[in-house]
Amino acid sequence: MSNAPPREREAIDTYDPAAVESKWRDRWRERGTNHTDLHGAARPFYSLMMFPYPSAEGLHVGNLFAFTGADIYGRFQRMQGKNVFEPLGYDAFGIHSENYALKVGEHPAQLIPKNIANFRRQLERAGLMVDWRYSLSTTDPAYYKWTQWVFLQLFRRGLAYRKKSAVNWCPNDKTVLANEQVIAGACERCGALVEQRFLEQWFFRISDYAPRLLKNLDTLDWSESTKTAQRNWIGRSEGAEIAFEVEAAWDRHTRLTPIPGSAAAKQWQAGQAPGASMDSRIRVFTTRPDTIYGATYMVLAPEHPLVDVITTADQRAAVDSYCRQAMRQDLVTRRTSREKTGVFTGAHAINPATKQPIPIWIADYVLMEYGTGAIMGVPGHDERDFEFATQFGIPIVRVVAASAAEAGAALDEAFVDDADGVLVNSGPFDALPVSEAKRRIVDMLAAAGAARAVEIYRLHDWCISRQRYWGPPIPIIYCDRCGPVPVPEDQLPVLLPEIEDFKPDDSGVSPLARHESWYRAPCPKCAGPARRETDVSDTFLDSAWYFLRYPSVGRDDVPFDTELTSKWLPVDSYIGGNEHAVLHMLYSRFITMVLSDAGAIGFEEPFTRFRAHGMIVREGAKMSKSRGNVVIPDRFIEEWGADTFRTYLMFLGPFEEGGDFRDSGISGVRRFLDRLWASVGELSGEGAPDTLVMRKLHQTIRKVGEDVQRLSYNTAIAAMMEYVNTLRRGERTPHRAEVEPLVALVAPFAPHVAEELWERLGREGSVFDAGWPEFDAGLAAEDRIELAVQVNGKTRGRVQIAPDAGQDLALSAALAEPGVAKFVTGEPRKVIFVPGRLLNIVV
RNA sequence: GCGAAAGUGGCGGAACUGGUAGACGCGCAGGACUUAGGAUCCUGUGGGGCAACCCGUCCGGGUUCGAGUCCCGGCUUUCGCACCA
């Protein structure tokens with residue numbers, strides 16, 4: 001029987017993925033194979049993947065790439081004996097759903113459940129080890145009740161506040177636009193130029209947490225690129241805050257005429273000089289205090305509160321017009337337009353170092369939201385200032401040079417090097433190196449009460465208000481008597497009403513503001529008539545705590561069960577896209593820190609280990625609907641099977657870098673599974689397994705284990721392919737001991753077919769409960785190894801020697817090779833021996 | 001402009017800490033089995049040369065016995081942030 005050529009028997013029982021996969025989907029469901037006993041788990045392992053937005057188009061191949069990568073890691077951990085919890089839910093609120101709903105004219109509350117059902121079907125077909133009992137959707141009142149609860153925790157701790165802030169406004173559509181809806185300064189829908197509008201909005205004080213968010217990064221096992229992105233986003237800068245006096249302001253105060261109604265005007269009317277009760281000095285932030293002798297002007301942001309105070313009567317009209325225009329520009333244009341514009345205020349400030357008056361300008365290249373909203377202009381040593389000064393004829397003074405000899409050299413561009421310059425034209429500080437001058441100048445100014453060393457952060461507070469419909473209402477009630485009052489926790493959730501006209505309109509507020517019956521509510525404090533907040537919260541708030549909820553899904557009385565939370569969190573492994581490296585990951589860390597400070601949870605970092613996966617392109621080009629080159633997972637799964645599709649996705653490139661989906665490549669993976677299938681069909685249990693095959697097997701067990709642990713899935717698959725090739729080389733009948741462990745190795749990648757083969761091997765129970773194959777170093781050891789022999793660094797031959805052979809033995813073996821010997825004339829000058837690798841003879 | 005990453009056969013990609021460049025797969029070529037094969041199996045496959053050999057990891061330098069890997073300079077591509085003082 002073993003004489004019959006094995007190939008001929010394949011026809012009897014060929015691999016039929018559709019049948020195998022549907023069989024095992026049912027089995028897993030019936031047997032609860034993917035269920036995790038959350039309370040009873042002895043070795044909990046929380047394997048998290050980023051939950052998707054359930055679009056109408058269905059699951060994207062990028063989603064599936066990410067999920068499969070996370071699933072393989074989770075299944076691998078399970079086979080290592082961990083109790084793995086792998087939940088998955090839906091991030092279903094937000095502008096995507098809302099815009100799509102508007103486009104097709106169907107209510108999102110109807111659309112989303114359909115999309116979720118479709119996603120669920122696709123996800124189950126993909127063979128994910130998800131415990132669906134703990135799924136969630138952010139749109140479910142049972143979930144967003146607790147999103148609102150999270151808001152209240154921040155409110156209670158003084159971390160949520162209201163302030164006026166700019167939004168993008170389309171004057172044609174009369175609606176608020178998200179930044180992504182503004183293309184080159186115009187509305188993406190109608191093309192009208194977008195303007196800024198100022199609305200009262202809710203903010204979270206994430207900037208208070210900037211130092212901690214930055215410092216903790218050092219303790220996290222995350223992809224380095226993700227940590228770098230967060231560091232840059234938090235953007236710590238060291239420097240100094242320097243105060244500039246406005247020149248002789250009150251001797252000549254007749255020139256200063258504050259805008260009617262401004263704080264300055266009120267003081268004015270009360271008979272006070274503004275300087276008397278309010279610090280009218282202008283504070284700037286700089287990272288280059290060493291260049292202060294070169295500060296020849298000053299700039300305020302158009303929104304700066306002192307603009308009203310200092311502008312002189314003759315400049316008033318020009319300043320007003322400039323500021324109005326600057327503030328009307330949309331946020332995107334203002335940030336991208338490179339041309340320098342500005343207007344002189346008519347006022348001067350005193351440079352605290354030179355004691356000279358310098359003009360105060362207003363320009364939109366200075367941003368109110370960074371630093372103090374004012375800068376000292378040092379055209380000699382800052383590119384932007386150089387450009388501005390050149391344009392407006394402001395003097396350019398060199399105060400740093402490569403050497404003292406260059407003190408008089410003219411500048412034809414800004415000299416920004418702060419590493420190895422020395423100071424010039426800087427009075428007592430001349431000839432000091434920049435780094436020392438920074439310290440000494442700050443000390444000098446500080447002694448005069450005009451400066452202090454500070455560190456500032458780029459990170460802004462998080463605006464969570466959205467003037468939209470499809471989100472959780474912010475749980476606040478405005479009462480004329482009591483002000484903003486939080487909705488009491490026992491009245492949560494504040495349900496989002498299912499209104500028909502959810503289209504944004506020209507009111508500048510959420511569509512909810514048109515529904516009086518909804519927003520009228522009694523004040524929780526005084527029971528008087530009051531009005532609900534009609535804005536909803538940012539989707540990023542929904543996703544900033546979802547991982548805390550999964551284990552407690554089903555609990556109505558608490559956001560998260562204390563015992564389960566301390567048992568399962570923080571998350572052991574988080575895998576997701578780098579596009580969320582900053583916002584989602586930073587917000588999640590922030591919310592976790594706040595809840596930790598509030599005593600609600602016992603840890604302050606949510607994700608112990610994070611790995612960012614790469615992106616998939618197709619045939620070398622980015623996938624997009626307009627190109628029509630999007631991979632539709634359903635079609636490939638239909639044709640090739642989910643196991644083949646999963647394995648191919650993991651094979652086409654390094655998981656953390658992504659890769660190129662080539663339709664022609666998938667057949668190779670399928671052939672691999674076919675050959676695996678055939679090997680199980682042909683098994684022979686007789687005799688002893690082949691020593692060389694078993695050696696290769698154990699080498700493969702080791703390699704696959706190591707590779708999966710570091711998410712090097714493509715090389716793990718390559719190793720298994722190599723082993724199958726070894727197994728089937730020549731017309732031999734594989735031995736059961738050679739094949740069985742391979743089925744287990746393949747299981748995380750191709751779970752359905754692995755289960756089927758495991759059963760066909762006569763094994764009881766799921767392969768995922770069978771444990772990872774044991775690695776035997778003795779069986780894996782080579783008895784002869786190949787040593788490369790080089791002469792002067794060029795490979796000239798190879799010799800077979802015992803693995804523990806020493807240099808002398810290796811050298812004599814090498815010299816016995818004619819191909820080597822002919823290059824070695826006389827005594828070698830030097831011999832380099834790397835055991836197990838090579839021998840280099842230098843002549 | 002700033003930040004991050006990457007440039008290796010016809011193609012996707014291997015090479016973990018400097019140590020046999022091109023694993024694995026696609027494609028291609030030849031062969032076997034076949035009425036047939038786009039199925040399966042076997043063999044070959046970086047370039048040049050009859051060969052000994054020579055040349056090869058974006059380009060130019062350098063360090064080293066030895067460089068795809070490290071250092072310096074340049075080019076190209078992708079991604080992120082974009083007037084952050």
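Quick note on labels: first sequence line is chain A, next is B, and so on, each numbered from 1.
Within the nucleic acid shown, A/L652 comes within 4.0 Å of sugar-phosphate atoms alone, with no base atom in reach, counting heavy atoms only. A/E722 comes within 4.0 angstrom of sugar-phosphate atoms only, judged by non-hydrogen atoms across all strands, and of no base. Backbone-only contact: A/R837 has heavy atoms under 4.0 Å from sugar-phosphate atoms and none from a base. Contacts of A/K622 with the nucleic acid, taken as non-hydrogen atoms under 4.0 Å apart, involve only primed sugar atoms and P, OP1 or OP2. A/K822 comes within 4.0 angstrom of sugar-phosphate atoms only, judged by non-hydrogen atoms across all strands, and of no base.
A salt bridge does not link A/R288 with A/D382: every distance from a Lys NZ or Arg NE/NH1/NH2 to an Asp or Glu carboxylate oxygen is 4.0 Å or more. Between A/R231 and A/D218, at least one side-chain nitrogen of the basic residue sits less than 4.0 Å from a carboxylate oxygen of the acidic one, meeting the salt-bridge criterion. Between A/E817 and A/R798, no side-chain nitrogen of the basic residue sits less than 4.0 Å from a carboxylate oxygen of the acidic one, so the salt-bridge criterion is not met. At a threshold of 4.0 Å, the pair A/R611-A/D221 counts as salt-bridged, since one of the basic side-chain nitrogens sits closer than that to a carboxylate oxygen.
For A/R662, counting side-chain heavy atoms from C-beta on, the closest listed nucleotide (B/G66, B/C11, B/A4) is B/C11. Considering only the side chain of A/R710, B/C16 comes nearest among B/C16, B/C81, B/G19. When distances run from any side-chain atom of A/T715 to the nucleotides B/G19, B/C65, B/A15, the shortest one goes to B/A15. Checked against B/A4, B/A23, B/C83, the side chain of A/K340 finds its nearest nucleotide in B/C83. Closest approach to the A/Q790 side chain among B/A4, B/G19, B/C24 is made by B/G19 (side chain taken as heavy atoms from C-beta onward). Nearest to the side-chain atoms of A/I375 among the listed nucleotides B/A85, B/A14, B/C65 stands B/A85. Among the nucleotides B/C42, B/A85, B/G19, the one closest to the side chain of A/F285 is B/A85. In this structure, the nucleotide among B/A14, B/G3, B/G12 sitting nearest to the side chain of A/D660 is B/G12. The listed nucleotides are B/G13, B/C81, B/C65; the one nearest the side chain of A/W233 is B/C81. Of the candidate nucleotides B/C24, B/U20, B/A85, B/U20 has the atom lying nearest to any side-chain atom of A/R798.
The CG-C1' distance, from A/L839 to B/G66, rounds to 12 Å in whole Å. What separates OH of A/Y457 from C1' of B/A85 is a distance of 17 Å, to the nearest Å. Protein atom CZ of A/R728 is 12 Å distant from nucleotide atom P of B/U40, rounded to whole Å. Between the P atom of B/A4 and the CZ atom of A/R231 lies a distance of 11 Å, rounded to the nearest Å. Distance, A/F749 CZ to B/C24 C1': 13 Å, rounded to whole Å. Rounded to an integer number of Å, the gap from CE of A/M615 to C1' of B/A6 is 14 Å. In this structure, A/R729 places its CZ atom 17 Å from C1' of B/U40, rounding to the nearest Å. What separates CG of A/L367 from P of B/A85 is a distance of 10 Å, to the nearest Å.
Across every strand in view, B/U20 sits unpaired, with no contact that passes the Watson-Crick or G-U test at under 3.5 angstrom. Using N1 to N3 plus N6-O4 or O6-N4 for Watson-Crick, or N1-O2 and O6-N3 for G-U wobble, each under 3.5 Å, B/G3 pairs with B/C79. Pairing of B/C26, defined by two Watson-Crick or G-U wobble distances under 3.5 Å, is identified with B/G10. Remark: B/G66 base-pairs with no nucleotide; criterion is Watson-Crick or G-U wobble with both hydrogen-bond distances under 3.5 Å. With both pairing distances under 3.5 Å, B/C33 is matched to nothing as a Watson-Crick or G-U wobble pair.
The P atoms of B/G62 and B/U57 are separated by 16 Å, rounded to the nearest whole Å. Comparing B/U8 with B/U76, their C1' atoms sit 15 Å apart, to the nearest whole Å. If you take atom C1' in B/A21 and the same atom in B/G56, they sit 10 Å apart, rounded to whole Å. Between B/U63 and B/C70, the distance separating the two C1' atoms is 8 Å to the nearest Å. Remark: the separation of the P atoms in B/G10 and B/A6 is 23 Å, to the nearest Å. Across the C1' atoms, B/C42 and B/C33 are found 11 Å apart, a figure rounded to whole Å. Annotation: B/U17 and B/G66 have their C1' atoms spaced 16 Å apart (nearest Å). Going from the P atom of B/G27 to that of B/U78 covers 29 Å, rounded to whole Å.
Between A/Y713 and A/F655, the angle of the ring planes lies from 30° to 60°, which puts this pair in the tilted group.
By the 6.0 Å and 45° rule, A/R283 does not stack over the aromatic ring of A/F244. Cation-pi check for A/R458 over A/W233 is met; the charged atom lies under 6.0 angstrom from the ring centroid and within 45 degrees of its normal.
Residue A/K794 has no polar side-chain atom (N or O) positioned under 4.0 Å from OP1 or OP2 of B/A21. Here A/N578 does not reach the OP1 or OP2 of B/G80: none of its side-chain N or O atoms lies under 4.0 Å away. For B/C26, the OP1/OP2 oxygens have a side-chain nitrogen or oxygen of A/R671 closer than 4.0 Å. Taking side-chain N and O atoms only, A/N725 has a distance below 4.0 Å to OP1 or OP2 of B/G25. Listed pair A/S237 / B/A85 meets the phosphate criterion, a side-chain N or O lying under 4.0 Å from OP1 or OP2. For the pair A/R796 and B/C54, the criterion of a side-chain N or O lying under 4.0 Å from OP1 or OP2 is met. Applying the 4.0 Å criterion to OP1 and OP2 of B/A21, one finds that A/T795 has a side-chain N or O inside that range. Between A/R675 and B/C41 there is a side-chain polar atom (N or O) within less than 4.0 angstrom of OP1 or OP2.
Judged by distance alone, with hydrogens and angles left aside, A/E786 brings a side-chain donor or acceptor within reach of the base of B/U20, the pair sitting under 3.5 Å.
Interatomic distance, A/M298 CE to A/T345 OG1, rounded to the nearest 0.5 Å: 10.0 Å.
Base orientation of B/G9: syn (glycosidic angle within 90° of 0).
Screening A/L214, A/L459, A/I456 against A/R236 for a side-chain contact (heavy atoms from CB on, under 4.5 Å) leaves a single residue, A/L214.
Annotation: of the two residues near RNA chain B, A/A229 and A/D382, the 5′-most nearest-nucleotide partner is A/A229. Map A/L838 and A/N232 each onto its nearest nucleotide of RNA chain B; the residue landing nearer the 5' end is A/N232.
Scanning for salt bridge (charged side-chain N to carboxylate O under 4.0 Å, His left out) contacts around A/E786 gives an empty result, with sequence neighbours left out.
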